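These notes are about the structure you will find just below.
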Amino acid sequence: MSVATLRLVLGDQLSRRLSSLRDVDRDRDVVLMAEVAGECTYVPHHPKKIALVLSAMRHFAANLSRDGITVDYRRLDDDGNRGTLGEELCAAVARHRPQRVVVTEPGEWRLWSEMLGWQAAIGVPVDIRDDDRFLMSRRDFAAWAAGRRQLRMEFFYREMRRRTGLLMTADGEPEGGQWNFDAENRKRLPAGVQPPAPLRMAPDAVTRDVLGLVRDRFANHFGDLEPFALAVTGQDAQDAFAHFVAHALPHFGDYQDAMAESHRTLFHSLISAQLNIGLLDPLDACRRVEAAFRAGRAPLNAAEGFIRQIIGWREYVRGIYWLKMPDYADSNALNASRPLPSFYWTVETDMNCLKHCIRQTKEDAYAHHIQRLMVTGNFALLAGIEPKAVCEWYLAVYADAYEWVELPNTHGMALFADGGVMASKPYAASGKYIDRMSDYCRSCRYDVKAQTGPRACPFNLLYWDFIGRHLDRLKQNPRMALIIGSYERMDQRKRQTIRSEAQTILDRLA
Ligand code: FAD
Ligand code: DLZ
Ligand code: SF4
């Protein structure tokens, strides 16, 4: 019997409730999964990310087969592997002669625009379905955004709380009488508080095979492949998440913005990489966190903080991405044009905060939100690094990076390159912020209290220089009034010293 439907499942769509798998016919359909060089190299992905995706794909395919579903699985090292998803699909259509192809929409514009041409290219109807692992569809987000002057996350988040009923009282009010406990999420890590160690998963035979393959093929990519301890199956991801809920969630709220030299992951959940490839379901994760709160096992500021990240930020950035692409990626509101400093790849810098965050990124393919936003992102913003170069770095180096989530966070939130679609003002900060939220400055060769002079913290110099360089634009933003006032009260000689010392730093970067 001929194949009725060929169902293509991508490497970040590893969920049994995927829209393209929902109506699978075990007798007549074939699921196609393809490891391809093109997806591993369109940016030089961190080897841990490649290993995670390929191992998770192999485990997922094995699971489908165990359930009696026919899977046509193409390995990266199979003879004649064509190297791209489009070409592998074409070849599979020739092999199986299906009546139609079904696929769930991808997470990146580059593949989406390519997919729109597939039907014409292969001569078989291609049904591209919504990715309803997200709680708000692209269409619904566009409707929410229509007619609004500003697309602020806070209002979107309230809408999502109402829609899902998460942390709502029976009267339809937010639990605790307030939507947002953000103000209670900003504590520094006190001495003596010991964050729990994350759950580490020993690689099984499938993962060990993949590690060998990645070692052979992608040794030239930035990042350490081993040790590798990431969850690569739905079950492992559930176990790691349960570990987070039991041990870290209670303090998640308090120390969400903290950074510490000897505690890389603090009380964070570490689920983004597994969430983004479908091994965990976002709504299910939120319901489990809500249940921990209702059972008295987590305080409200922790549960609300976590749920806000998932149904608020995560859904919101995806909505912005699809609403604004493709022009979004080309905007450059602050005309930033410097090349990315080489230390983002080599880790060779004497700025201790940057050294720690980049070294951790290289070793773990992970950094938490404030490290990404206020250290590596903040430096790139202050130094005026070209947005495309910064975005490419972020897309390459994190295990959870896909453009739908990476781009709005980097281009919009960290770099203000979108001119304020995402953020109401640039997230620019001097060394004072980093010192308040971390212990990095204690062992740095620079003095975070010094504003000028040979030991002045580069973040201080670049911060005031950034304000000076963009004064005309920033003056139009009422939220910047306080800081603009301080800058304008600064005496002229000090401003000149800052300008020339900042220029020396910028010249050295080149
Ligand atoms: P937790 O702190 O435990 O938070 C729980 C979950 O909330 C995360 O797993 C994530 O799914 C979600 N979340 C939290 N903040 C955000 C956010 N701003 N946007 C979207 N989801 C969020 N996240 C990615 O998943 N992929 C990326 O490529 C990515 N790039 C980023 C680039 C920059 C410059 C910045 C500032 C942030 C970026 N983020 C990205 C968001 C955030 O940093 C990560 O989701 C988070 O650090 C993942 O670690 P965690 O799972 O321990 O998160
Ligand atoms: C990230 C990734 C990698 C490294 N490899 C593959 C692959 O070999 N095959 C595949 O189907 N998907 C892979 N992916 C995930 C895709 O890059 C992802 O589906 C697109 O970027 C759209 O989000
Ligand atoms: Fe970073 Fe400045 Fe602190 Fe050094 S002194 S760790 S450069 S913020």
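All of these numbers come straight from a predicted model, not from anything done at the bench. All ligand and atom numbering here is 1-based and tracks the order in the structure.
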**Complete:** Looking only at protein heavy atoms, what sits closest to atom 27 (C) of ligand 1 is D400 OD1, 3.3 Å

**Distance-only donor-acceptor check, side chains Q13 and S20, under 3.5 Å** = no

**Request:** Find all atoms of ligand 3 within a distance of less than 4.0 Å from any non-hydrogen atom belonging to C444, and give their numbers and elements.
**Result:** 4 (Fe), 5 (S), 6 (S), 7 (S)

**Prompt:** Do E386 and K388 meet the salt-bridge criterion of a basic N to acidic O distance under 4.0 Å?
**Reply:** no

**Complete:** Out of I307, T410, L270, the nearest non-hydrogen contact to atom 32 (C) of ligand 1 is supplied by T410

**Prompt:** Do Y427 and N378 get their side chains close enough for a donor-acceptor pair, meaning under 3.5 Å?
**Reply:** no

**Item:** Any donor-acceptor N or O pair under 3.5 Å, side chains T84, E87
**Value:** yes

**Pick from V405, N409, L381: the one approaching atom 18 (N) of ligand 1 most closely through a non-hydrogen atom** = N409

**Asked** Looking only at protein heavy atoms, which one is nearest to atom 3 (Fe) of ligand 3, and how far off is it?
**Response** C441 SG, 2.3 Å

**Fill in**
Paired with H59, the side-chain contact (heavy atoms from CB on, under 4.5 Å) test is passed by just one of V210, T207, D236, namely T207

**Message:** Considering H369, R372, M422 one by one, which has a heavy atom nearer to atom 30 (N) of ligand 1 than any of the others?
**Reply:** R372

**Asked** Which bit of I271 is near ligand 1, meaning a heavy atom under 4.0 Å away: side chain, backbone, both or neither?
**Response** both

**Request:** Give the numbers and elements of all ligand 2 atoms closer than 4.0 Å to a heavy atom of E108.
**Result:** 21 (O), 22 (C), 23 (O)

**Asked** Among all protein non-hydrogen atoms, which one is nearest to atom 5 (C) of ligand 1, and what is the separation to 0.1 Å?
**Response** S269 OG, 3.6 Å

**Prompt:** Judging by distance only, is a nitrogen or oxygen of L111 under 3.5 angstrom from one on ligand 2?
**Reply:** no

**Request:** Could you tell me whether R264 and E363 have a side-chain N and a carboxylate O separated by less than 4.0 Å?
**Result:** yes

**Request:** Output the list of atoms in ligand 1 that are nearer than 4.0 Å to some heavy atom of F306, sorted by atom number.
**Result:** 5 (C)

**Asked** Judging by distance only, is a nitrogen or oxygen of L373 under 3.5 angstrom from one on ligand 1?
**Response** no

**Asked** For ligand 2, is there an atom lying under 4.0 Å from some heavy atom of M33?
**Response** no

**Request:** For ligand 2, note which part of L10 has a heavy atom under 4.0 Å away: side chain, backbone, both or neither.
**Result:** both

**Prompt:** Is the shortest side-chain N to carboxylate O distance from E35 to R58 below 4.0 Å?
**Reply:** yes

**Message:** Is F252 close enough to touch ligand 1? Criterion: a residue heavy atom under 4.0 Å from a ligand atom.
**Reply:** yes

**N-O pairing of R318 and E403 below 4.0 Å** = no

**Item:** Nearest neighbour in protein (non-hydrogen) for atom 21 (O) of ligand 2
**Value:** R110 NH2, 3.0 Å

**Request:** With heavy atoms of M351 as the reference, note each atom of ligand 3 found under 4.0 Å away.
**Result:** 7 (S)

**Request:** Inspect the contact between D224 and K48 and indicate whether a charged nitrogen and a carboxylate oxygen are less than 4.0 angstrom apart.
**Result:** no

**Asked** Is it true that a side-chain atom of N81 and a backbone atom of R75 form a donor plus acceptor pair closer than 3.5 Å?
**Response** yes

**Request:** Give the residue and atom name of whichever protein heavy atom lies nearest to atom 2 (C) of ligand 2, and the separation in Å to one decimal.
**Result:** V53 CG1, 3.7 Å

**Asked** Hey, is ligand 2 close enough to I50 that some N/O pair sits below 3.5 Å?
**Response** no

**Proximity flag E403 to ligand 2, non-hydrogen atoms under 4.0 Å** = no

**Request:** Using the six-membered ring wherever Trp is involved, compare the ring planes of Y440 and H356 and label them parallel, tilted or perpendicular (cut-offs 30° and 60°).
**Result:** parallel

**Item:** Close N or O approach (Y402, ligand 2; < 3.5 Å)
**Value:** no

**Nearest non-hydrogen protein atom, atom 28 (O) of ligand 1** = A401 CA, 3.1 Å

**Asked** Going by the order shown, which atoms of ligand 1 are within less than 4.0 Å of some heavy atom of N276?
**Response** 24 (C), 25 (O), 26 (N)

**Message:** With a 4.0 Å cut-off on N to O distance, would you call R308 and E304 a salt bridge?
**Reply:** yes

**Message:** Counting backbone and side-chain atoms alike, is an N, O or S atom of C457 positioned under 2.8 Å from atom 4 (Fe) of ligand 3?
**Reply:** no

**Item:** Minimum non-hydrogen distance to atom 52 (O) of ligand 1, winning option of Y366, Y394, Y398
**Value:** Y366

**Item:** Atom indices of ligand 3 within 4.0 angstrom of Y440 heavy atoms, with elements
**Value:** 6 (S)

**Message:** For F343 and F379, I'd like to know if the aromatic rings sit close, meaning centre-to-centre distance below 6.0 Å.
**Reply:** yes

**Item:** Proximity to ligand 1 by part of A367, non-hydrogen separation under 4.0 Å
**Value:** backbone

**K49, any N or O under 3.5 Å of ligand 2 N or O** = no

**Request:** May I ask you to identify the nearest protein heavy atom to atom 12 (N) of ligand 2, giving residue, atom name and distance to one decimal place in Å?
**Result:** G11 N, 3.1 Å

**Prompt:** Do other residues, nucleotides or ligands put more than 12 heavy atoms under 6.0 Å from K432 NZ?
**Reply:** no

**Prompt:** Any side-chain heavy atom of M57 within less than 4.5 Å of one from V9?
**Reply:** no

**Asked** Between T265 and ligand 1, which residue portion shows a heavy-atom distance shorter than 4.0 Å: side chain, backbone, both, or neither?
**Response** neither

**Message:** So, regarding A34 and ligand 2 (criterion: nitrogen or oxygen to nitrogen or oxygen, under 3.5 Å), is there a contact or not?
**Reply:** yes

**Prompt:** When rounded to the nearest 0.5 angstrom, what distance separates CG in L461 from OG1 in T504?
**Reply:** 9.0 Å

**Message:** Just to confirm my output: which protein heavy-atom neighbour is closest to atom 2 (O) of ligand 1, and how far is it?
**Reply:** H268 ND1, 2.7 Å

**Request:** State plainly whether the residues R138 and D130 are in salt-bridge range, i.e. N to O under 4.0 Å.
**Result:** no

**Asked** Do Y321 and E108 get their side chains close enough for a donor-acceptor pair, meaning under 3.5 Å?
**Response** no

**Request:** May I ask whether W404 places a heavy atom under 4.0 Å from ligand 2?
**Result:** no

**Message:** Under 3.5 Å between any N/O of V36 and any N/O of ligand 2: does that happen in this structure?
**Reply:** yes

**Option of least heavy-atom distance to atom 6 (C) of ligand 2 (set: Q13, E39, E88, M115)** = E39

**Asked** ligand 2 versus L76, non-hydrogen atoms closer than 4.0 Å: side chain, backbone, both, neither?
**Response** neither

**Message:** My understanding is that we take every heavy atom of each candidate and find the minimum distance to atom 15 (C) of ligand 2. Doing that for D12, L8, V214, which one comes out nearest?
**Reply:** D12

**Prompt:** Against heavy atoms of H368, which atoms of ligand 1 measure under 4.0 Å?
**Reply:** 47 (O)

**Message:** Under 4.0 Å from a heavy atom of L275: which atoms of ligand 1 are those, numbered in the order shown and with their elements?
**Reply:** 11 (O)

**Message:** Quick one about Y446 and D350 (side-chain donor to acceptor, distance below 3.5 Å, no hydrogens or angles considered), yes or no?
**Reply:** yes

**Request:** Answer yes or no: is there an ion pair linking D131 with R133, defined by an N-O contact shorter than 4.0 Å?
**Result:** yes

**Fill in**
atom 7 (O) of ligand 1: closest protein heavy atom, distance to 0.1 Å, is Q309 CB, 3.0 Å

**Request:** Select the closest option to atom 48 (C) of ligand 1 among C286, S272, G412, judged by heavy-atom distance.
**Result:** S272

**Request:** Would you check if there is a donor-acceptor pair between the side chains of H411 and S331 at a distance under 3.5 Å?
**Result:** yes

**Message:** For a quick check under 3.5 Å, do Y344 and T349 share a side-chain donor-acceptor pair by atom type?
**Reply:** no

